[in-house]
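First the structure, in the form of structure tokens, and then the observations on it.
Note: hydrogens, waters and symmetry copies are ignored here, and every other heavy atom, side chains too, is used. Keep in mind it's a predicted model, so treat the numbers as computed, not measured.
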Amino acid sequence: MRRVVVTGMGAITPIGLGIEEYWNGIREGKTGFGEITYFDTTDYKVKVAAEVKGFKAADYMDKKTARRMESFSQYAVAAAKEAMEMSGIDMGQEDPYRVGICVGSGVGSLQAIEREYEKLLNKGPARVNPLLVPLMITNMAAGNIAIQMGIKGKSINIATACATGTHNIGEAFRAIQYGECDVMLAGGTENAITPISVAGFTALTALSTSNDPERCSIPFDKDRDGFVIGDGAGIVVLEELEHAKARGAKILAEVVGYGATSDAYHITSPAEDGEGAAHAMEFALKDAGVAPEEITYINAHGTSTHHNDLFETRAVKKTFGEHAYHLKMNSTKSMVGHLLGAAGAVEFIACVLQMNNSYIHQTVGLEQPDEELDLDYVQGHGVEEEMEYALSNSLAFGGHNASILIKKYHE
């Protein structure tokens, strides 16, 4: 099978627009939490989210094009453009049918649905926007990237809720390994901070009800009470190694392993013993031919919900045994919140950035780990540390588990 490397990255996040701002935010331990501004939360128990700030679609595309995209697609196109620019790929020099896309969104545009349903109720069906369907459906992030960039190869959208970003990167990795494409744009995008979404997650008791931006998304902490919803996008350029070398690309990391499983247990809760997530990690390690003892760092799914943080910790112990106590494990969601379909992608990018800068960021806000949560969650401050591998986990409603393993690039 062919080797697959990362040659470009792009990010739109609650702590920075673009890779440089995102990385600076990570290094600073910056958080993106604040009062929801996208709609009036007067009647809502949950009032805090991790919103993208300062994003202007016109900075990335013309106004007419932007009007034909909802925000989740705009974010994806913006991040994809940054990733392609970083990679140095010139589509004029590529066979467009050998370049593909694997970019997903968990829910697409709830904004479009809410907006047009109100029109339907108040003004009748004739007033519904004829573009409603192409605006709202989840595959349009991938579709719009393809249109904007002239990409004609395999173009798919995997939607697995909170595991979407990781599954899309993993499946893009496979597509290159097996020769379907030489280059893949991969990742996830989301903007689900809407009235119906926040109301639904609140009714499910999944969201934090804390109104304190400093104590809302606090993974592994004894006072955690749910996740903080965020929006944004993460897109990476994956490339077959020889293709990247032939054009003199700067190689950021190598993708070496991918594992995916299903808990087959519950529609929202992970399996209590962590077995499904453990197998996803084991499959990723086996795929790469890497022993558990070679791993020193894990980017946890780390949502700040009671069940996830406890059961993910159990999964890590099940996979790594005593070596689990020698690992460092952090949660990027402690800074950016939970970006749902984009979460795994922005966390993958965080892994590459940490690896290349020999720095493991802290789990911000973690003060007192809960009972049974006794691993090293990088509490208090980040640490300067070299790492050969980084393992990133994503776990989703429906029992979807995905783990992806990256390695520092060597010839």
Other residues, nucleotides, ligands: >12 heavy atoms within 6.0 Å of [X] [atom1]:
| X | atom1 | value |
| --- | --- | --- |
| Y97 | OH | no |
| E20 | CD | no |
| E214 | CD | no |
| R68 | CZ | no |
| E388 | CD | yes |
| K250 | NZ | no |
| E242 | CD | yes |
| I196 | CD1 | no |

message: Between T313 and Y377, is the side-chain hydrogen bond (donor to acceptor under 3.5 Å, both in side chains) condition met? List the steps.
response: CA-CA 10 Å; T313 294; Y377 304 109; 2.9 Å; yes

message: Let's go through E282 and K318 carefully: what are the C-alpha distance in whole Å and the side-chain angles of both, what is the deciding distance for salt bridge (charged side-chain N to carboxylate O under 4.0 Å, His left out) to 0.1 Å, and is it a yes or a no?
response: CA-CA 10 Å; E282 290 166 10; K318 187 179 288 285; over 6 Å; no

message: N393 vs L391, test: side chain to side chain contact (heavy atoms under 4.5 Å, CB included). Steps then yes/no.
response: CA-CA 7 Å; N393 290 334; L391 181 66; 4.2 Å; yes

What is the minimum heavy-atom distance between [X] and [Y], and which atoms define it?
| X | Y | value |
| --- | --- | --- |
| G106 | E190 | N-OE1, 2.9 Å |
| A233 | T189 | CB-OG1, 3.4 Å |
| L252 | T7 | CD1-C, 3.9 Å |
| A161 | A396 | CB-CB, 4.0 Å |
| A345 | G188 | CB-N, 3.5 Å |
| Y22 | A350 | OH-CB, 3.7 Å |

message: Could you go through E367 and R215, starting from their C-alpha distance and side-chain angles, then the distance that decides it, and tell me whether this counts as salt bridge (charged side-chain N to carboxylate O under 4.0 Å, His left out)?
response: CA-CA 10 Å; E367 294 179 357; R215 297 291 295 164; 3.5 Å; yes

Would you say the side chain of [Y] lies within less than 4.5 Å of the side chain of [X], judging by non-hydrogen atoms?
| X | Y | value |
| --- | --- | --- |
| L207 | V228 | no |
| F220 | L375 | no |
| H400 | S262 | no |
| Y409 | K407 | no |
| E312 | T303 | no |
| N191 | Q74 | no |
| M84 | V237 | yes |
| M9 | L353 | yes |

Rounded to the nearest 0.5 Å, how far apart are [atom1] of [X] and [atom2] of [Y]?
| X | Y | atom1 | atom2 | result |
| --- | --- | --- | --- | --- |
| I89 | E239 | CD1 | CD | 4.5 Å |
| E272 | D263 | CD | CG | 11.0 Å |
| D223 | D212 | CG | CG | 11.0 Å |
| K286 | L405 | NZ | CG | 15.0 Å |
| T160 | N168 | OG1 | CG | 7.0 Å |
| S304 | D221 | OG | CG | 7.5 Å |

- prompt: Under 30°, 30 to 60°, or over 60°: which ring-plane class applies to H301 and H338, parallel, tilted or perpendicular?
  reply: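 Aromatic pair H301/H338 classed perpendicular.
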
- request: Name the orientation class of the two ring planes belonging to H323 and F320 (parallel below 30°, tilted from 30 to 60°, perpendicular beyond 60°).
  value: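 Tilted.
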
Could you tell me whether [X] and [Y] make a salt bridge, using a distance below 4.0 angstrom between a side-chain N and a carboxylate O?
| X | Y | value |
| --- | --- | --- |
| K408 | E386 | yes |
| D374 | K317 | yes |
| K47 | D40 | no |
| E347 | K333 | yes |

query: Going through the checks in order, is the salt bridge (charged side-chain N to carboxylate O under 4.0 Å, His left out) test met by K222 and D309?
result: CA-CA 10 Å; K222 64 180 179 62; D309 296 359; over 6 Å; no

Intermediate values then yes/no, side-chain hydrogen bond (donor to acceptor under 3.5 Å, both in side chains), T194 and E114: CA-CA 9 Å; T194 76; E114 290 175 354; 3.0 Å; yes

task: Please determine if R2 forms a cation-pi arrangement with Y178, meaning its NZ or CZ atom is less than 6.0 Å from the six-membered ring centre and no more than 45° off the ring axis.
output: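 No, a cation-pi geometry is absent between R2 and Y178.
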
- request: Determine, step by step, whether V256 and I406 satisfy the side chain to side chain contact (heavy atoms under 4.5 Å, CB included) criterion, reporting the C-alpha distance in whole Å, the side-chain angles of both residues, the deciding distance to 0.1 Å, and the verdict.
  value: CA-CA 6 Å; V256 293; I406 66 172; over 6 Å; no

Side chains of [X] and [Y] only: does a donor on one sit below 3.5 Å from an acceptor on the other?
| X | Y | value |
| --- | --- | --- |
| T166 | S394 | yes |
| Y38 | Q111 | no |
| T363 | Q379 | no |
| Y297 | N299 | yes |

Side-chain donor/acceptor pairs under 3.5 Å, residues 75-83, sequence neighbours excluded:
| unit_1 | atom_1 | unit_2 | atom_2 | d |
| --- | --- | --- | --- | --- |
| Y75 | OH | D231 | OD2 | 2.8 |
| K81 | NZ | Y60 | O | 2.4 |
| E82 | OE1 | A11 | N | 3.0 |
| E82 | OE1 | I19 | N | 3.4 |
| E82 | OE2 | I19 | N | 2.8 |

task: Would you check, one step at a time, whether the test side chain to side chain contact (heavy atoms under 4.5 Å, CB included) holds for M91 with I151?
output: CA-CA 8 Å; M91 284 301 298; I151 294 171; 4.0 Å; yes

message: Under the side chain to side chain contact (heavy atoms under 4.5 Å, CB included) test against F33, which residue among C216, S210, S208 passes?
response: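 Per the side chain to side chain contact (heavy atoms under 4.5 Å, CB included) rule, the option paired with F33 is C216, out of C216, S210, S208.
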
- request: May I have the step-by-step check of side chain to side chain contact (heavy atoms under 4.5 Å, CB included) for K30 and M335, ending in yes or no?
  value: CA-CA 6 Å; K30 180 180 178 181; M335 291 179 276; 5.7 Å; no

query: Going through the distances and angles, do E385 and K328 end up as a salt bridge (charged side-chain N to carboxylate O under 4.0 Å, His left out)?
result: CA-CA 10 Å; E385 185 171 306; K328 286 187 168 55; 3.3 Å; yes

